[in-house]
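Notes follow the structure.
Order of appearance sets the numbers: ligands from 1, and atoms from 1 within every ligand. Side-chain atoms are counted along with the backbone in the values below, which use heavy atoms only and exclude waters and symmetry mates.
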Amino acid sequence: MTEAVLPPPATVAIRPLVAGNWKMNGAKQGLEEALAIRDALAVNVVAADVMICPPATLLMVMAEILAAEAENATLQLGGQDCHVAMAGAHTGDVSAEMLQDAGATAVIVGHSERRVDHAETDGMVRSKAAAAHRAGLAAIVCVGETAGERRAGLTLAIVGRQLAGSLPDGAKAANTVVAYEPVWAIGTGLTPTPTDVAEVHAFIRQALAARYGGEGTQMRILYGGSVKPENARQLMAVANVNGALVGGASLKAKDFLGVVAAYAI
Ligand code: PGA
C-alpha cells in the first residue's frame, strides 16, 4: 500500500491591520476624524483591518456613533491599556472587560510609553495580555529596543526577551498581535531601514512560530514608529510586516487614510 502523501498546508494570507494609537490626544472633535475615516473606508475598500485606539474617554461614544451611522461599520476600536483585574479598587484604571463593554475589540498593552511612564515589566504586560484574552479582546503587544540598545547590538536580544516575557501561553493568531516599535523611532520621524525592519520581523516570526506553532506563523506583526503616508508603502512591503501601529499620523483622518492607502486594492 502506498502511503498517502498529504499536500503541504496552504499558506493562509495574513490580513494586515492598521491601528491608530491616539495616545493622550483627542477630545470630542476627534469623533469627526473617526467618522471621516469610517466614511472613507466605506468608499475605498482596503485589504486590511483598520482600527482606532482613542483615549478611553472617547471609546463608548465613538463606538455608538460609528455603529449608529453605518450599516456595516468597518472601523474597529481598541483601548490603549488595561488593568489585569476585571474590576475592583483600582482608582483610575480601566479593565479589559470595561473596554470590551465600551465597544473595543482589542487593546494595546506594553507600549514603550507605559513601560517607561508606569514602569511596566514584561510580566505585567503578559498579565495584561492575558486579561485582554479573558475579556475576549485581541492584545496588541508592543516590543522594541531603545537607541542605546540598538547601538550596542542588543536589538534582537531585547526584542526576544520582551517577546518571551510579554506574551501569555496559549496566545492565538486571532487574539494576539505583536507590534515592533523601536523606541527611538516613536514620534521622532526616524525609521529603521527596510533591511533592519525585515531582520527584526523575521526574528519575531521565528520566535512566534517556535512558541505557538501554526498559530505563530499566522499572528500579525505590526511595525510602528514614525509611520507616515510617505513611508507606509515601503515599510508595509517588507516581509513579515503585517500592518502598522500609527501614532502621530493617526490623529488626522487625511494622514491616517494616507497610511491605510498602502493596502489600497
Ligand atoms: P508615532 O507613534 O507613529 O507617532 O511614531 C507610534 C506609536 O507610539 O505607536
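Taking a heavy-atom cut-off of under 4.0 Å, ligand 1 is surrounded by N21, K23, H111, E181, A185, I186, G187, G225, S226, L245, V246, G247, G248.
Between T176 and Y212, the closest side-chain pair of non-hydrogen atoms is not below 4.5 Å. I221 places none of its side-chain heavy atoms less than 4.5 Å from the side chain of I14. With contacts defined as side-chain heavy-atom distances shorter than 4.5 Å, the pair R211/D169 qualifies. Two residues are said to be in side-chain contact when any heavy atoms from C-beta on lie closer than 4.5 Å; L257 and I37 meet this criterion.
Between H201 and Y180, the angle of the ring planes goes over 60°, which puts this pair in the perpendicular group of the 30/60° scheme.
Applying the side-chain hydrogen bond (donor to acceptor under 3.5 Å, both in side chains) definition to pairs two or more places apart or across chains, those involving residues 151-162 are D122-R161.
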